[in-house]
Colleague: 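Okay, handing you the structure first.
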There are 4 protein chains.
Amino acid sequence: MAKKTGEKFEAILDAAVKVIAQNGYHNSQVTKIAREARVADGTIYLYFENKDDILVSLFHTRMDEFATKVKQKIDLVDTPEEKLYQLIYMHFKIFALDHNLAIVTQIEIRQSNRRIRNDIGKSLKKYHRLIEELVEFGVQKGKFHDGIDVRLMRQMIFGILDETVSSWVMKDMKYDLLELVDPIYFLIANGIERKS
Amino acid sequence: MAKKTGEKFEAILDAAVKVIAQNGYHNSQVTKIAREARVADGTIYLYFENKDDILVSLFHTRMDEFATKVKQKIDLVDTPEEKLYQLIYMHFKIFALDHNLAIVTQIEIRQSNRRIRNDIGKSLKKYHRLIEELVEFGVQKGKFHDGIDVRLMRQMIFGILDETVSSWVMKDMKYDLLELVDPIYFLIANGIERKS
Amino acid sequence: MAKKTGEKFEAILDAAVKVIAQNGYHNSQVTKIAREARVADGTIYLYFENKDDILVSLFHTRMDEFATKVKQKIDLVDTPEEKLYQLIYMHFKIFALDHNLAIVTQIEIRQSNRRIRNDIGKSLKKYHRLIEELVEFGVQKGKFHDGIDVRLMRQMIFGILDETVSSWVMKDMKYDLLELVDPIYFLIANGIERKS
Amino acid sequence: MAKKTGEKFEAILDAAVKVIAQNGYHNSQVTKIAREARVADGTIYLYFENKDDILVSLFHTRMDEFATKVKQKIDLVDTPEEKLYQLIYMHFKIFALDHNLAIVTQIEIRQSNRRIRNDIGKSLKKYHRLIEELVEFGVQKGKFHDGIDVRLMRQMIFGILDETVSSWVMKDMKYDLLELVDPIYFLIANGIERKS
DNA sequence: CATGAATGAGAATTCATTCAT
DNA sequence: CATGAATGAATTCTCATTCAT
């Protein structure tokens, strides 16, 4: 019933990111989003089932684009190490370039209810899979440790990146996220222990 | 004004964990918590400023206990490697023993508003500091890489553990979290790359 | 402004009866009626002033036809008693043949607002008059009690028939309405008391 | 959950009758009823499940009282004829004394949705049963025609009374309803036909 | 004549908090 | 200290109607 494409569909999603980033999730009423998108309240419901659907669609489209951008960059390099480096770089780069997106995805949208968070989880599947393929490639090339669960490696990598970005947002993005690319890469690659 | 000790204070916190774990954050009204704690609605306000204060207090007391328990265990062993291993073990052990606590801290309470989440951040300070001390100790002993920001190492370690527990809860705690202690330790210690 | 004839005018009225009978008055949106009539929403407003006008027109045309059909049958017989019998028979017959009409006129449309109900009242005028003429004819022929208010007699007759049909519809039209023609005729004719 | 007794319960029902009689069913918002009852909007929901529940409860309590009052009067006389007469008298008397009640029960509440109307039907059961018992008594005493379905007789009697009151209300209660007691009694008792 | 995307006013309900007892 | 009945602000969603095409 709800049309999931079109100029206004995009306008509403853009407005939602902006409004939520500025006002916080719990203070982002439908009316506010509609006004920002320059449409009537009722128009929202021509494009979305309900308010939750805005958030789910928002996260889904943005994370899909996110994964696509990262993949494009990764595909340009050949070695697993380079691919890993580019993954970290792009993950940070995208959020560094779009603070509103960072605020909304790392902080605000996580305040939504269980159902939304579940749907949101699904939107990350593509990105999760991307990381797993990277890991599998590295293991196959003999560059990454084998014998360890791929999903666990992915979880570790994602956990580090996600926590790093969240911390950065919580600290009001006062420092340059991209300066962390190198050290984070080093930690993920070499672990914490020093080999004598 | 609100007295933050006493039998009923504890009863209310216990009730809150139970009610939130069972009903979800957004479906845990003050009345429900009061009923579970076997007190009147108004009594809640003799012990807490407002509803948010319940959540903040809840998180604070639980995370304080959490950090204390982990520290006790860490203090029993001597080497940085052993301490790191015990940290991972205890982090997982505590949540494995208290599923309600896991649900509430990893999932539900994160749906709360910005202010609560900020206060919650503070409650983690003690635990964060604990990890940082562990890292500093390892660096000082020459066992962990030096030259890398300690806070970043802590962030990485915490990010991995947090993401791992969250994933486990999201998967309905269907597998044994403790089986991940060894591989996670290995990944944190050695990183992802294989040294020839 | 609104043209009250034409193929689409009829199609919309037919659609309205069907939609209201199926979905209930409060769940029969203009869009639903338009779709059933295979016209655009806006087209409705070329033929009707507003939504209420659909209902009023619907009731008016249907009740006009109703009165016409009954009159045709009544005119075929001569005595007041026979006319009364045919009135009852036709009243029940028409609804027995068109369940949707019965549902809409006896139940659903009565949920409409005061203004509509007022206009609806007017639509019954013709039928009320028909009954009154029948009564007057009977009194004049010396077959019906005189000295009693004609309007009251009409009200009584109509009240009985209306209540009987409404009860039948409420009972999901599970029994044969026409089996009630004889006993109802008897009651109207002879009253409740037995003369020794 | 909702308390169905108490001072405020009654106050809200009284307010509802007044507000609905004055403003019409579709223009009687919860806020209006609350203000008339001198309680807060939220208080309504301590005593009623939802808005519909107000109407259902209203109709139920009023019709129960209605049946009770009628029964008390009927019980004072002995013959079926006298009982029938008292039934008609009381039915009209109660509405003649409480115009608001008449408006609400005869006109406004019938605009409510199917579910309410169904529950309302149940509330009339007691009164319907009262009439049926009267009819059965008359038949048994040999005063009323036997061989005719009791339910049908009840339906006829109720239909006449209901239609008469509705007509009176629709005509803005401009005439004296009680003047109709005698002729209506005569019609119900003797029917329309004159016996030579 | 016909379309259907867009409009925006309007209302029921929830629930954290208070305060008289 | 404890109670719990009462409060009332705040927000999503529906749907009759319009009007540019």
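In this text the structure is predicted, and so the values were computed from the model without any measurement. First the proteins, then the strands, lettered A, B, ... as listed; each starts at 1.
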Colleague: When rounded to the nearest 0.5 angstrom, what is the spacing between CD in A:E49 and CD1 in A:I44?
Modeller: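 The CD atom of A:E49 sits 13.5 Å away from the CD1 atom of A:I44.
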Colleague: Salt bridge check: are C:K125 and C:D64 linked by an N-O gap of less than 4.0 Å?
Modeller: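 No, C:K125 and C:D64 are not salt-bridged.
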Colleague: Rounding to an integer number of Å, can you tell me how far D:F48 CZ sits from E:dA12 C1'?
Modeller: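 In whole Å, E:dA12 C1' and D:F48 CZ are 15 Å from each other.
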Colleague: C:N50 CG to F:dC15 P: how many Å, rounded?
Modeller: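 In whole Å, F:dC15 P and C:N50 CG are 17 Å from each other.
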Colleague: Could you give the distance from NZ (D:K8) to CG (D:L13), rounded to the nearest 0.5 Å?
Modeller: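 Answer rounded to 0.5 Å: 14.5 Å.
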Colleague: If you take any heavy atom closer than 4.0 Å to DNA chain E, which residues from residues 13-33 of chain C end up in contact?
Modeller: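 Residues of residues 13-33 of chain C under 4.0 Å from DNA chain E: none.
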Colleague: Counting heavy atoms not belonging to B:K18, are there more than 12 under 6.0 Å from its NZ?
Modeller: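 Result for NZ/B:K18: open.
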Colleague: Tell me if a side-chain donor or acceptor on A:K3 pairs with a main-chain N or O of A:F9 at a distance below 3.5 Å.
Modeller: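 No, because the side chain of A:K3 does not come within donor-acceptor range (under 3.5 Å) of the backbone of A:F9.
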Colleague: When rounded to the nearest 0.5 angstrom, what is the spacing between CD1 in D:I33 and CG in D:D14?
Modeller: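 Between atom CD1 of D:I33 and atom CG of D:D14 there are 12.0 Å.
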Colleague: Could you tell me whether a side-chain N or O of B:E108 sits under 3.5 Å from a main-chain N or O of B:I103, the two making a donor and an acceptor?
Modeller: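 No, the answer is negative, given that no donor and acceptor are paired below the 3.5 Å cut-off.
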Colleague: Taking A:K4 for its side chain and A:S57 for its backbone only, find out whether a donor-acceptor pair lies under 3.5 Å.
Modeller: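 Here the side-chain-to-backbone pair does not exist.
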Colleague: Rounded to the Å, how far apart are B:D52 CG and E:dT17 P?
Modeller: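 Between P of E:dT17 and CG of B:D52: 7 Å.
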Colleague: With a 3.5 Å cut-off and no angle check, do the side chains of B:S28 and B:N23 form a donor-acceptor pair?
Modeller: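 No, no side-chain donor-acceptor contact under 3.5 Å.
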Colleague: Between P on E:dA12 and CG on D:D53, what's the gap in Å once rounded to a whole number?
Modeller: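 Distance check: D:D53 CG to E:dA12 P gives 14 Å.
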Colleague: Both distances under 3.5 Å, Watson-Crick or G-U wobble: on that basis, could you give the dot-bracket string for DNA chain F, with [ ] for crossing pairs and | for other-strand partners?
Modeller: .||||||||||||||||||||
Colleague: Step by step, would you call C:F66 with C:F95 a ring-ring contact (aromatic ring centres under 6.0 Å, His included)?
Modeller: CA-CA 10 Å; C:F66 190 96; C:F95 286 126; 5.2 Å; yes
Colleague: For B:V30, does its backbone N or O pair with a side-chain atom of B:K51 as donor and acceptor, under 3.5 Å?
Modeller: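 No; judged by distance alone, with no hydrogens or angles, the pair does not exist.
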Colleague: Picking from F:dT17, F:dT12, E:dT18, which would you name as closest to the side chain of C:K51?
Modeller: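 That would be F:dT17.
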Colleague: Quick one: what's the B/S/- string for nucleotides 1-8 of chain F, heavy-atom cutoff under 4.0 Å, read 5' to 3'?
Modeller: SBBB-BBB
